[in-house]
Structures are given as C-alpha cells and as structure tokens.
Amino acid sequence: MSHEPIVWLGALVTLALYSILYRENALYRAAEHIFIGLGTGYGIYIAWTTILYPQWWQPMTKDGQWWWIFAFVAGALYYAIYTKRFVWMSRWIMITMLGLFAGMEFKGWTGSYLPQITASFKPIIGPEPPYIDFSNLIFLITLVTVMVYFLFSFEHRSRIVGRTAGTGRWLMMVAFGAIFGSTVMARMSLFITRLYFLFHDWIHWIPDK
Amino acid sequence: MDQFADRLARIDRRLIFAMVALICLVPLVTGFSMRAIVSPPTQKLYDAIEKTPPDRLVVLSSVWDAGTKGENEPQTEALMAHLFRLKRRFAILSMGSPQAPTLAEGIADRVAPEFGAKYGEQWVNWGLKTGGSAWLQSLPKDVPGALGNKDWKAVPLSQLPVMKDVKTFHDNVGLVVDITPSGTLGAWVAFVGQPYQVPIGFACTAVMAPEAYPYLDSGQIVGMMTGMAGASQYFQLLNRKGFVTQAMTAQAMAHFLILALIAVGNVGYFAGRRVDRQGGA
C-alpha cells in the first residue's frame, strides 16, 4: 500500500464519491462539496495569478496604465442587477456584450457550417470505389429524410412526406444510439482510470506498465 | 418460469456495478491486453503531425480538467510523446479551464525526460487565457501581443528559444490540436483554421465524437483522436506502452458484459410479458 498521504486522501475521497452507487449518504455529499469548493477556489486563484494580476492589476497600479480602471467599471455594471434603482445600468453592459458576441457567433457560424453544407454535396456515382458511392448514398438519404422530418411548416399528411419523415426519425434514433454508446464509453473510461488509481497507486495490486 | 423471468428483469443494480468493476479489474491486474485496431481518423491525426514542417510551432489547446482526465490525459501524453520524438516545438494553451495548464504541464514534465527535451527550448506553456472567441481572434494575428509577451509564469517570451520568431499563426504555426471535453472546436475552425489556413486536429472525449464527424468529413479538421480508444490507438502507432492499453481491454470486456446484461434484461422482460399474457388468457 502507498505511504503517501496525498494518495490516501485521493483514494478515500474516490471511495466516498463511489459510495453513491450503494446508496445516498453523508460521506458522498461531503466529498462532492469539497470537490466543488476546491475546484472553485483553485479557479479563482489561477484567474487572479495568471490573468487579473499580471494583465490588469499590475499595469493599472504599477505601470501607470490607469485606464484599466474602466475594465473594473464595466465589470461592476453587471452587479447593478441586484439593485432595483440601478438595474438599468446592468442592461447597458449586457446588451453591449450580447451584440458583440452575436456578431462573433454569426461569423463563427458561417466559418463552421458553410463548408459543411458545401461538403454535403457528395457524388453517388463517381470515380471513387463503389463502397464510397454506397456510403455517399446513405449520407444523402439520411440528409434528405432528416431534413423532411424537420419541415414543420405543414402537417405531414401526405404518405410520401410522412414515410420520408418517419425514416428520418428512425435514422436519428440510430444517431442518438451512437451518441449514447459513446457516452457509456466515456464514463467507463473515467471509471477505469479511477480503478487504476485505487489498485495501482493506492494498494499496489496492479503492476507498473 | 415467472419467478425466473422476474429475477432476470430485476437484477440489483449494485450487483451489476460490482460485476462491471470486477470485469474491468481482470485485465488491469493480470496485464492481459488486446491489440487496438487503428481507426482512420486517428491515423490521419498521426500523419498530420508527422507532416508538420519542422520549423513551425504546434499548438496544443488543452482545455480539459480533472473531470475528464481518464480520456484527455492519455491523449495529451500521446501527442506530446509524438512531438518530443519528432523534435517539433509546441505550445500548451488553455482557454477557460483553470486546471488545464497545470495538468498539461505535469504531463510534459513527466514525458520530456524520456526524450531529453527542456522547457523553453522545445515547449512552452502559454497558460490560461480567458475571453473566449474574442481573444482567440486576436491570437493568430499577433501571438506575442495576445500573450502579453510572457509565458504563464511571467517569463518574457524573448527569453524562450521555443518562441523565437513566432509572430503569427499563418507564418509560424503548422498545426493546432484541440484536446477538449467541451465545444471549443467550432471557434478554432472558424477563427483560426479557415481564415489563416492552419490545419486543425481534434482530440476529444468519446461523448463529443459524433458531433465532430461533420468537421472531419468536410476536411475542416485533419484528424481526430476519440476518447480513450483513440489514445490507445495512438499509443500503438507510437509503439508506446502505457496504462491506456490495458484500460481499453478492460473497457472492451465491460462492453461485452453490458451487452450480455442488456440481452439478459430483455429475455427477462419478454419472458415476463409472455407469462403475463398466458396468465391473462
């Protein structure tokens, strides 16, 4: 077994967190709150030491760049939301930031998705090997049927539209299944890593690789 | 028969958890491992790093924290080992995740001695940066300016040989790999990859992979490493041994168990339904 206190602490907290698998209990709650508190505290420390202090406080107080005070004023405007009298001030900063980020999102959207729309025009008969054509055909069917499913401007009364939309729904179910499978895989990876920590670092049952 | 069906459909979840834990432990304790089959997206990412020009910097955007260590840590280790082996310069950048610079630097410190690499010569940590998309748009145009001319421990960039002549992404950066459990890929593609013609690679948690395939399909990303499975494949490409190889075997066995349990649960469900029908008739 490990002789390092930090490993023991990590192991005991890991076991406390996994105790939820048996039943809800106070140990689990305590470990959960400690984790959240530590994460938040560490985040504040890193934010101050690597961002706020060197990039804002130091230039403002030591390098004579007094105009950085306006960053504080702008940030403080958010907190005006807590007073009825000054709530209008918080809206100024919010609408400014909303406008700024909406513009950036629009730019980001075109940069991200327009190339994907272009790439969705795939040949189903072309110079590629037949399995690529077949793959492109499945892609095309999925694209069209799922798009038909999301046509909400009219009711899907027509048999053709209804069945096409139904096929789209089934194909989306396949995609959701794949996503759920990936989620299980991701969670299992995290669990195995913790098992490795417990049985390798803590009680030394697993030999070194 | 009805009792048997009922038991199958009502296996205590705690028993299932214990079975999963036990089956995962077997390969970890015995050292039994199965060979990973390298997927095309992982191979593409490996090839992209191989092809990176030696005079250009690689940026590892490390945005993960302790919550996804199991997946993102082996990915980061694999990428760093590859870059150290090829003697490519790289920078660690963490946007919005306070734990990320420390975790990524810990891996670099652990792997670097194997290759005789030194901080400041072959790699640099740019540290935590906030400001999201707005800051990211300023970075490619003026790298030292956006970083405040310092690394994350306030060492001037001019004192670090790894940052020599690094001015813009277009001229000096050969590849960006986004190692992440969150949705940062879109920003890299839109604000860096497309406008500055910098290839983007992606190393994500398994949950994120299905959403990233359209980027791979359209050529917006040059390759992708998916979760622990991708890391295990990358380790195999590097011919590198590590915990992740056994971990993937453990995961495969857990998946077999889950499939078997799904089958058992369904047998119990349908048998119970049949008994109910016969009882009703």
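On a predicted model such as this, the values are computed, not experimentally measured, just so you know.
Heavy atoms of other residues, nucleotides or ligands lying less than 6.0 angstrom from CZ of B:Arg13 number more than 12. Atom CE of B:Met34 has more than 12 heavy atoms from other residues, nucleotides or ligands within 6.0 Å. Counting heavy atoms of neighbouring residues, nucleotides and ligands inside a 6.0 Å radius, atom CD1 of B:Ile37 does not exceed 12 of them. Remark: B:His170 NE2 is loosely packed, at most 12 non-hydrogen atoms of other residues, nucleotides or ligands lying under 6.0 Å away. The environment of NZ in B:Lys129 is crowded: more than 12 heavy-atom neighbours from other residues, nucleotides or ligands sit within 6.0 Å. The number of heavy atoms from other shown groups lying within 6.0 Å of OH (A:Tyr113) does not exceed 12. With a 6.0 Å radius and a threshold of 12 heavy atoms from other residues, nucleotides or ligands, A:Trp170 has its CH2 atom at or below the threshold. Surrounding CZ of A:Phe72 are at most 12 heavy atoms belonging to other residues, nucleotides or ligands under 6.0 Å away.
For chain A, no part of B:Ala18 is nearby; none of its heavy atoms comes within less than 4.5 Å. Using a 4.5 Å cut-off between heavy atoms, B:Ala247 touches chain A through backbone and side chain atoms alike. Only the side chain of A:Phe139 has a heavy atom closer than 4.5 Å to any heavy atom of chain B. A:Tyr18 does not touch chain B: none of its heavy atoms, backbone or side chain, sits under 4.5 Å away. Using a 4.5 Å cut-off between heavy atoms, B:Ala250 touches chain A through backbone and side chain atoms alike. No part of B:Glu73 comes within reach of chain A, as not one of its non-hydrogen atoms sits under 4.5 angstrom from that chain. Heavy atoms of A:Gln55 lying under 4.5 Å from chain B belong exclusively to its side chain. With a threshold of 4.5 angstrom between heavy atoms, B:Leu185 does not approach chain A through any atom at all.
Between chain A and the options B:Ile258, B:Val189, B:Asp217, B:Thr205, heavy-atom pairs under 4.5 Å are most frequent for B:Asp217. Residue with the most contacts toward chain A among B:Gly67, B:Pro214, B:Ser133, B:Gly186: B:Pro214 (heavy-atom pairs, distance under 4.5 Å). Comparing A:Leu21, A:Leu114, A:Ile51, A:Leu100 by heavy-atom pairs within less than 4.5 Å of chain B, the highest count is held by A:Leu21. When the candidates B:Ala206, B:Cys24, B:Pro74 are compared by the number of heavy-atom contacts under 4.5 Å with chain A, B:Ala206 comes out ahead. Between chain B and the residues A:Ala119, A:Pro115, A:Ala178, A:Gly39, the largest count of heavy-atom pairs under 4.5 Å involves A:Pro115. Most heavy-atom pairs under 4.5 Å with chain A: of the set B:Pro181, B:Ala134, B:Ala154, this distinction falls to B:Ala134. Interface summary for chain A: among B:Val20, B:Val207, B:Thr130, the most heavy-atom pairs under 4.5 angstrom belong to B:Val207. Comparing A:Ser182, A:Gly181, A:Gly111 by heavy-atom pairs within less than 4.5 Å of chain B, the highest count is held by A:Ser182. In terms of heavy-atom pairs under 4.5 Å with chain A, the best-connected choice from B:Gly193, B:Gly219, B:Ala21 is B:Ala21.
Between atom OG1 of residue A:Thr183 and atom CE of residue B:Met208 there is a gap of 11.0 Å, rounded to the nearest 0.5 Å. Expressed to the nearest 0.5 Å, how far CE of A:Met188 lies from NE2 of B:His255 amounts to 5.5 Å. Rounding to the nearest 0.5 Å places OG1 of A:Thr50 at 12.0 Å from NZ of B:Lys150.
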Check against side chain to side chain contact (heavy atoms under 4.5 Å, CB included), A:Ile206 and B:Phe243: CA-CA 10 Å; A:Ile206 299 174; B:Phe243 142 76; over 6 Å; no
From CA spacing to verdict: side chain to side chain contact (heavy atoms under 4.5 Å, CB included), B:Glu71, A:Met185: CA-CA 10 Å; B:Glu71 292 188 284; A:Met185 194 167 154; 5.9 Å; no
From CA spacing to verdict: side chain to side chain contact (heavy atoms under 4.5 Å, CB included), A:Tyr42, B:Thr102: CA-CA 11 Å; A:Tyr42 187 73; B:Thr102 317; 2.6 Å; yes
Derivation and outcome, side chain to side chain contact (heavy atoms under 4.5 Å, CB included), residues B:Leu28 and A:Phe199: CA-CA 9 Å; B:Leu28 294 178; A:Phe199 286 87; over 6 Å; no
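Looking at every heavy atom in both residues, B:Gly70 comes nearest to A:Leu190 through N-CD2, 3.9 Å. Minimum heavy-atom separation, B:Phe191 to A:Met104: CZ-O, 3.5 Å.
No donor-acceptor pair closer than 3.5 Å links the side chain of B:Gln194 to the backbone N or O of A:Ser112.
B:Leu25 is not listed as a side-chain neighbour of A:Trp205, based on a closest heavy-atom distance of 4.5 Å or more. The side-chain heavy atoms of A:Ile46 and B:Gln99, taken from C-beta on, include no pair separated by under 4.5 Å.
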